[in-house]
Amino acid sequence: MSRPARAAIALGSNLGDRHEHLRAGRAAIGALPGTRLLAATGVEETPPLGGLEQPAYLNQMVLVETVLSPHDLLRALQAIETANGRERRAHWGSRTLDLDVVRYDGLVLTTTELTLPHPGVATRDFWQRELAELAPHDG
């Protein structure tokens, strides 16, 4: 078995019981095979991205240690989203739970399914704040 990787995963929700969706997302991420939740940031409310008229988001980021590959982690996160009522209707649309792999160790990767680090890091100041909050736990 290879050395576990450290991954930062962003959670967002702007439909239904947003706090409960984030809680369920954290629990499901921590229960993934070969994955351990190391730290979680505080929850922050932010305006929606993408210019669509929709409710504000609650956002949070978690740091995990995982033996899952980046693509396996992404597929597992998409399954968690679906299990929590996520419907993929419109790009930038409202969602019960949105989970993004923001970074995976120091890996730089671009495939049709996954770009690492996530391209949104450069433009999302709340993600930058959350990564800074996780930094002391990422030793």
Side-chain angles (χ1 to χ4, degrees):
M1 180 151 86
S2 63
R3 179 187 72 79
R6 295 217 171 173
I9 301 167
L11 297 84
S13 176
N14 77 333
L15 291 177
D17 186 339
R18 300 175 303 162
H19 284 283
E20 175 56 23
H21 291 304
L22 293 184
R23 187 211 58 76
R26 287 189 310 272
I29 290 166
L32 290 173
T35 301
R36 183 169 61 108
L37 189 66
L38 300 176
T41 67
V43 175
E44 180 178 0
E45 188 171 73
T46 62
L49 301 172
L52 296 178
E53 185 67 34
Q54 57 183 302
Y57 277 82
L58 288 185
N59 292 285
Q60 180 176 45
M61 197 174 288
V62 297
L63 179 67
V64 300
E65 191 172 70
T66 186
V67 299
L68 296 174
S69 73
H71 285 91
D72 287 343
L73 179 59
L74 176 65
R75 283 188 284 278
L77 295 177
Q78 289 171 340
I80 292 168
E81 290 174 339
T82 300
N84 282 274
R86 166 94 186 252
E87 295 179 5
R88 295 179 184 275
R89 291 190 178 149
H91 188 62
W92 298 108
S94 293
R95 58 222 41 198
T96 53
L97 185 61
D98 184 33
L99 302 174
D100 290 304
V101 181
V102 175
R103 70 170 182 72
Y104 185 97
D105 274 347
L107 185 63
V108 175
L109 174 74
T110 302
T111 68
T112 55
E113 298 88 24
L114 183 60
T115 300
L116 293 170
H118 192 291
V121 170
T123 58
R124 298 178 190 175
D125 59 343
F126 59 97
W127 276 9
Q128 293 169 24
R129 285 190 299 275
E130 291 166 351
L131 285 169
E133 189 177 337
L134 291 176
H137 306 282
D138 198 11

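This chain uses plain numbering: 1 for the first residue, then up along the sequence. Since we're looking at a predicted model, the values are computed, not measured.
- Here the straight-line distance linking atom CG of Asp100 with atom CD of Glu81 works out to 7.0 Å at 0.5 Å rounding.
- Asp72 places no side-chain N or O within donor-acceptor distance of the main-chain N or O of Leu68, the cut-off being under 3.5 Å.
- You'll find the side chain of Asp98 stays beyond 4.5 Å of the side chain of Leu11, heavy atoms only.
- Between Glu44 and Arg129 there is a side-chain heavy-atom pair separated by less than 4.5 Å.
- When side chains are defined from C-beta on, Val64 does not count as touching Arg26, because their heavy atoms never get closer than 4.5 Å.
- In plain terms, the two heavy atoms of Pro33 and Val67 that are nearest each other are O-CG2, 4.5 Å.
- With respect to Glu45 and Arg18, a salt bridge is recorded, a charged nitrogen being found less than 4.0 Å from a carboxylate O.
- The OG1 atom of Thr46 sits 9.5 Å away from atom CZ of Arg124, with the distance rounded to the nearest 0.5 Å.
- By the 4.5 Å heavy-atom criterion applied to side chains, Leu74 and Leu99 are not counted as neighbours.
- Minimum interatomic distance between Pro70 and Leu109 (heavy atoms only, all atoms of both residues): CB-CD2, 4.4 Å.
- In this structure, Leu73 and Ala7 approach most closely via the heavy-atom pair CD2-CB, 3.9 Å.
- A continuous path of hydrophobic side-chain contacts links Leu77 to Leu114 [ILVMFWY only; heavy atoms under 4.5 Å].
- Taking the side chain as every heavy atom from C-beta outward, Asn14 and Pro55 approach each other to under 4.5 Å.
- Side-chain atoms of Gln60 come within 3.5 Å of backbone N or O of Thr41 as a donor-acceptor pair.
- No side-chain heavy atom of Arg103 sits less than 4.5 Å from a side-chain heavy atom of Val121.
- For the residue pair His71 and Thr111, a side-chain donor N or O sits within less than 3.5 Å of a side-chain acceptor on the partner.
- Nearest heavy atoms, Glu65 versus Pro4: CG-CB, 3.4 Å.
- Between Ile9 and Val102, every side-chain heavy-atom pair lies at or beyond the 4.5 Å cut-off.
- Judged by distance alone, with hydrogens and angles left aside, the side-chain atoms of Thr82 form a donor-acceptor pair with the main-chain N or O of Gln78 at under 3.5 Å.
- Rounded to the nearest 0.5 Å, atoms CG (Leu131) and CZ (Phe126) are 11.0 Å apart.
- The distance from atom CD of Gln128 to atom OG1 of Thr123, rounded to the nearest 0.5 Å, is 8.0 Å.
- Asp105 contributes a side-chain N or O that, together with a main-chain N or O of Arg6, makes up a donor-acceptor pair within less than 3.5 Å.
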CA sep, side-chain torsions, deciding dist, call: Val43, Asn59, side chain to side chain contact (heavy atoms under 4.5 Å, CB included): CA-CA 6 Å; Val43 175; Asn59 292 285; over 6 Å; no
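- Panel note: side chain Thr35, backbone Gly30; no donor-acceptor pair is recorded below 3.5 Å.
- The hydrophobic cluster containing Leu37 also contains Leu58, counting ILVMFWY residues as joined when their side-chain heavy atoms lie under 4.5 angstrom apart, directly or transitively.
- Residues Tyr104 and Thr66 are in side-chain contact: their nearest non-hydrogen atoms beyond the backbone lie under 4.5 Å apart.
- Considering CG of Leu107 and CG of Leu116, their distance stands at 5.5 Å, rounded to 0.5 Å.
- With values rounded to the nearest 0.5 angstrom, Asn84 atom CG is found 14.0 Å from Arg95 atom CZ.
- For Thr110 (side chain) and Thr115 (main-chain N/O), no donor-acceptor pair under 3.5 Å exists by modelled atom type.
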